[in-house]
Amino acid sequence: KEVVSPHLRGLPPVLGRGLRVLVLGSFPGAASLAAGQYYAHPRNHFWPLMAAVIGVPLPALPYRQRLAALRAHGIGLWDAIVACRRRGSLDGAIRDAEPAEVGRVRRAAPELALVCFNGKTAARSLAVWSDAGYATLALPSSSPAYTRPFAEKLAAWQAIGAFLHALSEAGR
């Protein structure tokens, strides 16, 4: 007999005016939910990747300052799935997923131009965001479960910095 997993709610979105890029994960892992912080697992590459992209030592900063630095660079965070049932932290265990609302993002971040997807599970919602008029970018997962070398992940994630640089060069 299958044991029903608990119904979980994700973390609140990190949105706001002036955001140009939104990074959507799949759904927070157990460490992130317990800490109430995005990418709280110490081996997750998200904060080192974003530090390299924006040139700010994010892993050394307290969490609130990390979020402030991302916002200052026009980057927001949320998840493609805002609620689900899941045992453990693996995306493959997600059941009864409730998707993030494009309309909520559009209202909170009207200047948003690019939606990035952190890993394959998040990228399953790529078409929804593309159909809503956003540029989209599927990125390799920052999760420690995705064992590609950091340098390989970073090469793909640098596209965020290139996008933001192109916007600033265009004066937008």
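- Distance CG/Asp96 to CD1/Ile94: 11.0 Å, rounded to 0.5 Å.
- At least one side-chain heavy atom of Arg9 sits less than 4.5 Å from a side-chain heavy atom of Val82.
- In this structure, the side chains of Ile75 and Leu164 come closer than 4.5 Å at one or more pairs of heavy atoms.
- Here the closest non-hydrogen pair linking Ala80 and Ser125 is CB-OG, 3.6 Å.
- For the atom pair CZ of Arg87 and CG of Leu8, the computed distance is 9.5 Å after rounding to the nearest 0.5 Å.
- A 4.5 Å side-chain heavy-atom check between His45 and Pro144 finds every atom pair outside the cut-off.
- Lys120 is not listed as a side-chain neighbour of Pro140, based on a closest heavy-atom distance of 4.5 Å or more.
- In this structure, CD in Glu98 is found 9.5 Å from CZ in Phe27, a value given to the nearest 0.5 Å.
- Contact check for Leu167 versus Leu114: no side-chain heavy atoms found under the 4.5 Å cut-off.
- In this structure, Leu112 CG and Leu15 CG are separated by 8.5 Å, a value rounded to the nearest 0.5 Å.
- Exactly one residue among Val23, Leu24, Leu22 makes a side-chain contact (heavy atoms from CB on, under 4.5 Å) with Phe117. That residue is Leu24.
- Under the 4.5 Å side-chain heavy-atom criterion for ILVMFWY residues, a single connected hydrophobic cluster contains both Trp157 and Phe150.
- The closest side-chain heavy-atom distance from Arg86 to Leu33 is below 4.5 Å.
- With sequence neighbours left out, the side chain to side chain donor-acceptor pair (under 3.5 Å) criterion links Asn118 to Tyr39, Ser142.
- Closest non-hydrogen pair, Lys153 versus Tyr146, comes out as NZ-O, 3.0 Å.
- Across every non-hydrogen atom of Ala132 and Val102, the tightest pair is CB-CG1, 3.6 Å.
- Rounding to the nearest 0.5 Å gives a distance of 9.5 Å between OG1 of Thr147 and CD of Glu152.
- Using modelled atom types, no side-chain atom of Arg71 and backbone atom of Leu67 make a donor-acceptor pair closer than 3.5 Å.
- By the side chain to side chain donor-acceptor pair (under 3.5 Å) test, Ser143 is found to be paired with no residue, residues two or more places apart in sequence or in another chain being considered.
- Listed here is the closest heavy atom pair of Ile160 and Cys116: CG1-SG, 3.8 Å.
- Within the model, atoms CZ of Arg66 and CD of Gln37 stand 7.0 Å from one another, a figure rounded to the nearest 0.5 Å.
- Every residue was checked against the side chain to side chain donor-acceptor pair (under 3.5 Å) condition with Tyr38, not counting sequence neighbours, and none meets it.
- Across all non-hydrogen atoms, the minimal contact from Leu154 to Ala52 is CD1-CB, 3.6 Å.
- In terms of heavy atoms, Trp129 sits closest to Glu101 at CH2-O, 4.3 Å.
- With contacts defined as side-chain heavy-atom distances shorter than 4.5 Å, the pair Tyr134/Arg106 qualifies.
- Counting heavy atoms from C-beta outward, His41 and Phe46 have side chains that stay 4.5 Å or more apart.
- Checked options Val53, Val14, Leu58; the residue passing with Leu70 is Leu58 (criterion: side-chain contact (heavy atoms from CB on, under 4.5 Å)).
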